[in-house]
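Since the structure comes first, as structure tokens, the remarks are kept for the end.
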Amino acid sequence: MKKKHKFIIRVISWILFIIYLVMMVYFLFFSEMLGRTPSDTYHYNLKPFTEIQRYITYYRRLGSFYVLLNIVGNVLCFMPLGFVLPVLSYKNRSIFKVTFMCVLCSVTVELIQLISKLGSCDVDDVILNTSGGILGYICFAICMFIFRHRTGKNNKKKNRRK
């Protein structure tokens, strides 16, 4: 790939990443629709899979919208992070580094929610967010495989013609 194309991809990735971060800050800390209103008490869960189990058990009572919003929403909101990190930084092309960064970002978000009393601090959110980051990385890896496979075939055809 030409340096010009790489530069354009990197600039577009940074722009999209900044838009993503602004949206994440809004939805995670300021969206009243998602319950981000100040509270007088701390809301937290430190027991893994408690909230996930509760959402699955009381699926009918809570409604599919809220169950999907919580479980699928937490996964989907961190998928872009897992996809874009390796695009923005060659140093973060390892699944271990991307996973670590997703855990770190998720724990930071949950701690800010705990300290600010906006939303709740939930270990299940860290699990779901990290899973989303890993799925995002897997999507990145698949895209890179397809890209390399296609460009590799094109290069072989060009070399045969010479």
Side-chain angles (χ1 to χ4, degrees), residues 1-31 33-36 43-56 65-155:
M1 184 182 296
K2 294 180 181 179
K3 285 186 179 183
K4 181 181 175 182
H5 292 119
K6 286 183 181 181
F7 177 76
I8 291 170
I9 289 172
R10 212 169 259 270
V11 168
I12 291 171
S13 296
W14 272 108
I15 291 169
L16 291 174
F17 185 64
I18 290 168
I19 292 169
Y20 164 74
L21 289 177
V22 169
M23 289 175 59
M24 289 290 289
V25 168
Y26 171 75
F27 286 117
L28 293 172
F29 303 112
F30 300 108
S31 175
M33 183 187 90
L34 296 176
R36 307 301 184 230
H43 299 279
Y44 60 90
N45 167 41
L46 301 177
K47 186 176 175 189
F49 302 105
T50 300
E51 286 299 306
I52 295 171
Q53 179 67 39
R54 186 174 70 86
Y55 274 98
I56 292 170
F65 174 77
Y66 292 107
V67 173
L68 289 175
L69 182 66
N70 188 305
I71 295 176
V72 176
N74 275 306
V75 172
L76 289 178
C77 76
F78 266 67
M79 280 183 73
L81 185 64
F83 188 91
V84 173
L85 279 176
V87 172
L88 296 177
S89 171
Y90 293 114
K91 294 178 183 178
N92 290 323
R93 291 256 165 122
S94 152
I95 191 165
F96 301 109
K97 288 183 180 181
V98 170
T99 301
F100 176 74
M101 292 299 290
C102 289
V103 169
L104 186 64
C105 290
S106 184
V107 167
T108 301
V109 165
E110 295 302 316
L111 289 175
I112 291 170
Q113 286 181 340
L114 177 68
I115 292 166
S116 66
K117 297 180 186 175
L118 293 169
S120 64
C121 177
D122 191 350
V123 70
D124 290 352
D125 289 350
V126 174
I127 294 167
L128 293 169
N129 294 342
T130 303
S131 299
I134 292 169
L135 287 174
Y137 179 84
I138 290 169
C139 290
F140 165 79
I142 290 169
C143 288
M144 286 303 294
F145 176 79
I146 292 169
F147 175 76
R148 287 183 182 142
H149 184 69
R150 284 188 156 190
T151 56
K153 279 188 174 182
N154 290 338
N155 289 339

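Sequence positions, counted from 1, serve as the residue numbers for this chain. Basis for what follows: all heavy atoms, side chains included, without hydrogens, waters or symmetry-related copies.
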Over 12 non-hydrogen atoms of neighbours within 6.0 angstrom of CE in Met23: no
N/O donor-acceptor pair under 3.5 Å between Ser120 side chain and Asp122 backbone: no
Any donor-acceptor N/O pair, Ser116 side chain to Ile112 backbone, under 3.5 Å: yes
Residues 72-85 side chain polar contacts: donor-acceptor under 3.5 Å, at least two apart:
residue : atom : partner : partner atom : Å
Asn74   : ND2  : Asn70   : O            : 2.6
Asn74   : ND2  : Asn70   : OD1          : 3.3
Asn74   : ND2  : Asp125  : OD1          : 3.1

Nearest-0.5 Å distance that lies between atom CD1 in Ile71 and atom CG in Asp124: 9.0 Å
Reported CD1-to-NE2 distance for the pair Ile142 and His149, which is rounded to 0.5 angstrom: 14.0 Å
All side-chain hydrogen bond (donor to acceptor under 3.5 Å, both in side chains) counterparts of Arg93, not counting sequence neighbours: none
Flag side-chain contact, heavy atom, 4.5 Å: Phe140 against Val87: yes
Student check: side-chain heavy atoms of Val98 and Ile134 closer than 4.5 Å: no
Spacing of Thr108 atom OG1 and Met101 atom CE [to the nearest 0.5 Å]: 9.0 Å
Gln113 side chain reached by Arg36 side chain, heavy atoms, under 4.5 Å: yes
Separation between CG of Leu69 and OH of Tyr66, rounded to the nearest 0.5 Å: 8.0 Å
